[in-house]
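Chain identifiers are assigned alphabetically (A, B, ...) following the order of the sequence lines, protein sequences preceding nucleic acid strands; residue numbering begins at 1 within each chain.
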Number of protein chains: 2
Amino acid sequence: MTREKPVAVPDETGGIDLGPLADSLGFLFRVGQVEVFEMFFEQLGKLGLKPGEFSVLWVLHLNPRVRQGAVADTLRIKRAHMTKLVRTFEEEGLITRAIPDDDRRGIELSLTAAGNAFVQDHAEAFFATARSETDRLSPDEAQELIRLMQKFTRLGGET
Amino acid sequence: MTREKPVAVPDETGGIDLGPLADSLGFLFRVGQVEVFEMFFEQLGKLGLKPGEFSVLWVLHLNPRVRQGAVADTLRIKRAHMTKLVRTFEEEGLITRAIPDDDRRGIELSLTAAGNAFVQDHAEAFFATARSETDRLSPDEAQELIRLMQKFTRLGGET
DNA sequence: AGAAAACTGTTTCCTTGTAAACAAAATTCT
DNA sequence: AGAATTTTGTTTACAAGGAAACAGTTTTCT
């Protein structure tokens, strides 16, 4: 399993040979996420906006009265962690929790007026930054990358 | 910033509308990484193999006597965290640390015999799993996804 | 030479996220 | 109906990872 031709991968790694690691999805997903994260905070760090937290509020904005577990499953947040996020948002007055009569296990989340205002105030900057992250690629490449990632994550229908 | 046509994104989200979030690289990178991680542990969890830790040992295998900070920078691990990983590996007898005479700030890492054996023993399974992660896409799509992620992360030369 | 700046790794403290056991409610299966 | 199973969310205890301050070493700039 030792590679014979370290020549094969011309990279920007400061001379470190990664071998087949540079072709592995797990590694590329991780590096990509770190990279995007850094770009995000360079542009929006001053606002104290965090991608994960905003995503939750955004989903509540588009899907009022959604179940908290459904949000967790969709955003790939563990339910134990979701509990903490929800409590924090509630303490901050951004969301309300309601137990529906037809299934008293679940909890339906909705944005308060303050929560909606928060989303309205930050959505433009958030998505503008998201769009600017594709600047490293040509528009065609960016579109294709998004399509392939959506297919891989099964988020893009049957594309 | 409220969307007018929730119809636009046919997804596998259990009916939850994500809007433009489903097109954002940050979100897709995160979901992709979680997904790959889960696949990895389904297949290799029993071995106690962790992708990040194995990657460090793999890089040492291909690049003996590399500086610990260079490994951290390449794998996008923070140096503070790298210190902990290195200490653990050393305690486990997998690596040795050496201070070079020409720059006594740096620390050069190398695998011990046990470290090399560990890499030899697990490399096949590790990269087989990595390859199998592309099964959700056609071979052409997988290759293109890897190419685009490498370009995005600047790991793929000037492709 | 000597002070200032930069680099490398470490430590401490803190945030984020996870795993496992749990409790309440709903569903399933006799 | 009633016991077993499943679902949903919570709690607790912990692991992973990061930020900031620090110390030793080298480099840079007078």
Side-chain angles (χ1 to χ4, degrees), chain A residues 14 16 26 29-31 33-38 40-42 45-46 48-56 60 65-92 95-109, chain B residues 14 16 26 29-31 33-38 40-42 45-46 48-56 60 65-92 95-109:
Chain A
I16 291 184
F29 270 116
R30 172 173 153 68
V31 173
Q33 197 194 351
V34 170
E35 208 97 358
V36 168
F37 219 70
E38 283 173 0
F40 184 91
F41 280 112
E42 273 171 28
K46 46 220 164 193
L49 203 59
K50 297 179 196 171
E53 295 180 1
F54 182 82
S55 297
V56 172
L60 266 45
R65 309 210 129 252
V66 69
R67 293 286 217 75
Q68 119 175 18
V71 175
D73 292 346
T74 303
L75 299 182
R76 313 305 308 256
I77 297 167
K78 289 285 177 299
R79 285 168 179 219
H81 185 40
M82 192 70 187
T83 297
K84 298 182 191 175
L85 290 175
V86 165
R87 179 166 45 229
T88 304
F89 287 146
E90 195 180 26
E91 285 169 3
E92 290 171 346
I95 70 173
T96 55
R97 312 181 340 147
I99 296 174
D101 278 343
D102 60 318
D103 185 345
R104 296 167 35 75
R105 291 172 304 184
I107 297 189
E108 290 178 352
L109 304 178
Chain B
I16 291 184
F29 270 116
R30 172 174 153 66
V31 174
Q33 198 194 351
V34 170
E35 209 97 359
V36 169
F37 219 70
E38 283 174 0
F40 184 90
F41 280 112
E42 273 172 29
K46 44 218 165 190
L49 202 59
K50 297 180 194 170
E53 295 179 2
F54 182 81
S55 298
V56 172
L60 266 43
R65 308 210 129 251
V66 69
R67 294 285 219 75
Q68 119 175 17
V71 176
D73 292 348
T74 302
L75 298 183
R76 314 305 309 256
I77 296 168
K78 289 285 176 298
R79 286 168 180 221
H81 185 40
M82 192 70 188
T83 297
K84 300 180 194 177
L85 290 176
V86 165
R87 179 168 43 230
T88 304
F89 287 145
E90 196 181 25
E91 286 169 1
E92 291 172 343
I95 70 172
T96 56
R97 311 181 341 147
I99 297 174
D101 279 344
D102 61 316
D103 186 346
R104 299 168 33 75
R105 290 172 304 184
I107 297 188
E108 292 177 350
L109 304 179

With sequence neighbours left out, write down each residue that passes side-chain contact (heavy atoms from CB on, under 4.5 Å) with [X], or none if nothing qualifies.
{"X": "B/R105", "value": "B/D103"}
{"X": "B/T88", "value": "B/E92"}
{"X": "B/R104", "value": "B/I99"}

Taken in chain and number order and not counting sequence neighbours, the residues that satisfy salt bridge (charged side-chain N to carboxylate O under 4.0 Å, His left out) with B/R97 are B/E90

The salt bridge (charged side-chain N to carboxylate O under 4.0 Å, His left out) partners of B/E35 (sequence neighbours excluded) come to A/R76, B/R136

Give me, pair by pair, the N or O atoms of the protein and of nucleotides 1-4 of chain D that are less than 3.5 Å apart, along with how far apart they are.
none

Residues passing the side-chain hydrogen bond (donor to acceptor under 3.5 Å, both in side chains) test with A/R65, sequence neighbours excluded, are A/E108

Sequence neighbours excluded, the answer for side-chain hydrogen bond (donor to acceptor under 3.5 Å, both in side chains) partners of B/R79 is B/D73

When rounded to whole Å, the CZ to C1' distance for the pair A/R104 and C/dT27 reads 16 Å

Across all chains, not counting sequence neighbours, the ring pair (Phe, Tyr, Trp, His ring centres under 6.0 Å) partners of B/F89 are none

Contact string for nucleotides 3-9 of chain C, one letter per nucleotide 5' to 3', B = base within protein heavy-atom range under 4.0 Å, S = sugar-phosphate only, - = neither, reads ----BSS

Between its two end axes (five pairs each) the helix from C/dA1-D/dT30 to C/dT30-D/dA1 turns, nearest 10 degrees, through 30°

Report each atom pair, protein N/O against N/O of nucleotides 17-23 of chain C, whose distance is under 3.5 angstrom.
residue	atom	partner	partner atom	Å
C/dG17	OP2	A/H81	NE2	2.7
C/dG17	O6	A/K84	NZ	3.3
C/dT18	O4	A/K84	NZ	3.0

